[in-house]
2 protein chains.
Amino acid sequence: MALDQFSRLGFERVTLAGIAEAAKVSQPALHYHFQDKLQLWRSAMLDLGAVIAEEERLLEVARDAPAITQLRMAMRLFLQISRKHPALGRIVALEGMAGGERLEWLDRHLIGPRNRRMAKLVRQAIADGDIKPYPPEQVVITLETGAVGVINMTPLIRVTFATDPETPAARAAHDDMVLDALFGGFLTDKARNARENAP
Amino acid sequence: MALDQFSRLGFERVTLAGIAEAAKVSQPALHYHFQDKLQLWRSAMLDLGAVIAEEERLLEVARDAPAITQLRMAMRLFLQISRKHPALGRIVALEGMAGGERLEWLDRHLIGPRNRRMAKLVRQAIADGDIKPYPPEQVVITLETGAVGVINMTPLIRVTFATDPETPAARAAHDDMVLDALFGGFLTDKARNARENAP
DNA sequence: TCATTTCCTGATTACAAAGTCAGAAATCTT
DNA sequence: AAGATTTCTGACTTTGTAATCAGGAAATGA
């Protein structure tokens, strides 16, 4: 699938011939359905958009809960989705580092609204005294990049540690680690204690 | 400089003509000094290798300190170095996601030994009861990707939040956040308390 | 059934970028 | 200074790949 190739290799390393082969059609057929390579890329990204929208929908239900609760839910969802669609995190990482037109498109159509919403939640949680007072944007990015690090870097982990991070056990450990250690590190003592008293 | 181009754009998007222009030489001159593009890439990476070696040297001095102390030092160093040489984190992210021959080369010559050393420190710190007992490899990767997230994603942050993460104030906040919230989240209560009593 | 539109292919073009090579310019050696 | 060696360049070839196009097959509608 095109999405998979784009996310694993990045825009430039992907060839239309390769996508065509994987899709078992001829290369000009791609030009028929999508005008050019960029349009094809955008189309693949919009498929991911549906996934993000789904997440938004689930969070919407909890919009009256305290910000810190919503954030924890969002982290959990983010992990689930990142596992199910590893392409998403890789794409964001690739384009987010490079900058340029495609990043701006992604921002407008996929990730921008979600990230700004997250930052708003963090700001709220800080005001509530539940999250330590660091720049909300930095908190969001650090939580997200930290959470998907192990997922994105699967090839590196395999090479460097000769270990498979995709076994069920490794995934379970990772989920716990992200929610407990990573997310937990941003909690204030107040929020941490509240959690311990009401588990 | 070639390093900068490679890290910002990735191997494929970089053209020899572009590097030649930036270096104010002709394109064939590159072929004279380095046989081909891959060799040029490797050479650029080895320049980064010197940076890593420097870090190793500084840490070597503290090898008798407790693992947790060494880890904190390593995080601090890692941040400094990542700021000074943003190319490093971007390259690792790019190749670490993609896998392949270049990743294996990087592992062997640059990042593998360091990461395995870090994992060993984490294992030790867990045994000491200072770090929460999660898979050491995952801890290392999560700490590293979380720490450089804001640095690597500078373009995304600018686009999404219309905010500059490279001002002195933003950097100072980021340093604190990484060492306090990110790293702190992996500490056990024991280690956290020990730190509070002896600041 | 025929006509028309939709979908797709093989063959080809256009172009960008890696890599080659013969020889010029600069530098070093004695 | 003369020769030898190193360093570099302009012009070229080769290759990989995006994009085009004329036309054929398949579906759709009358």
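Chain letters run A, B, ... following the sequence lines, proteins first and then strands; every chain starts at 1.
Judged as a ring pair (Phe, Tyr, Trp, His ring centres under 6.0 Å), and not counting sequence neighbours, the contacts of A:His109 are A:Trp105. Partners of A:Asp47 by salt bridge (charged side-chain N to carboxylate O under 4.0 Å, His left out), not counting sequence neighbours: none found. Taking B:Glu12 as the reference, A:Arg13, B:Arg102 meet the side chain to side chain donor-acceptor pair (under 3.5 Å) condition, with sequence neighbours excluded. Scanning for side chain to side chain donor-acceptor pair (under 3.5 Å) contacts around A:Gln70 gives an empty result, with sequence neighbours left out. Contacts of A:Glu101 classified as salt bridge (charged side-chain N to carboxylate O under 4.0 Å, His left out), with partners at least two apart in sequence or in another chain: none. Every residue two or more places apart in sequence or in another chain was checked for a salt bridge (charged side-chain N to carboxylate O under 4.0 Å, His left out) with B:Asp36, and none qualifies.
Residue A:Leu16 contributes atom CG, which lies 20 Å from atom P of C:dT13 at whole-angstrom precision. Residue B:Gln35 contributes atom CD, which lies 14 Å from atom C1' of C:dT20 at whole-angstrom precision. If you measure from atom CZ of A:Arg13 to atom C1' of C:dA18, you get 17 Å, rounded to the nearest angstrom. If you measure from atom CG of B:Asp36 to atom P of C:dG19, you get 5 Å, rounded to the nearest angstrom. Atom CD of A:Glu21 is separated from atom P of C:dT9 by 13 Å (rounded to the nearest Å). One atom, CD of A:Gln39, and another, P of D:dA19, lie 10 Å apart when rounded to the nearest Å. Look at CZ on B:Phe11: it is 10 Å from C1' on C:dA18, rounded to the nearest Å. Regarding A:Phe6, its CZ atom lies at a distance of 12 Å from the C1' atom of D:dA18, rounded to whole Å.
For the ring-ring contact (aromatic ring centres under 6.0 Å, His included) condition, no pair includes a residue of residues 155-194 of chain B, sequence neighbours left out. Here side-chain hydrogen bond (donor to acceptor under 3.5 Å, both in side chains) pairs that include residues 143-153 of chain B, with residues two or more places apart or in two chains, are B:Arg114-B:Glu144.
In this structure, A:Gln138 contributes its side chain and B:Ala170 its backbone to a donor-acceptor pair below 3.5 Å.
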Are any protein N/O atoms closer than 3.5 Å to N/O atoms in nucleotides 24-26 of chain D? If there are, list each pair with its distance.
none

Each nucleotide N or O in nucleotides 8-13 of chain D that has a protein N or O under 3.5 Å away: list the pair and distance.
| residue | atom | partner | partner atom | Å |
| --- | --- | --- | --- | --- |
| D:dC8 | OP2 | B:His33 | NE2 | 2.1 |
| D:dT9 | OP2 | B:Ser26 | N | 2.6 |
| D:dT9 | OP2 | B:Ser26 | OG | 2.5 |
| D:dT9 | O5' | B:Ser26 | OG | 3.3 |

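Taking a 4.5 Å side-chain heavy-atom cut-off between Ile, Leu, Val, Met, Phe, Trp and Tyr, the cluster of A:Phe78 extends to A:Val148.
A:Arg116 has a carboxylate O that lies under 4.0 Å from a charged side-chain N of A:Asp107, or vice versa, which qualifies the two as a salt bridge.
Relative to the axis of its first five pairs, the axis of the last five pairs of the helix from C:dT1-D:dA30 to C:dT30-D:dA1 sits at 10°, rounded to 10 degrees.
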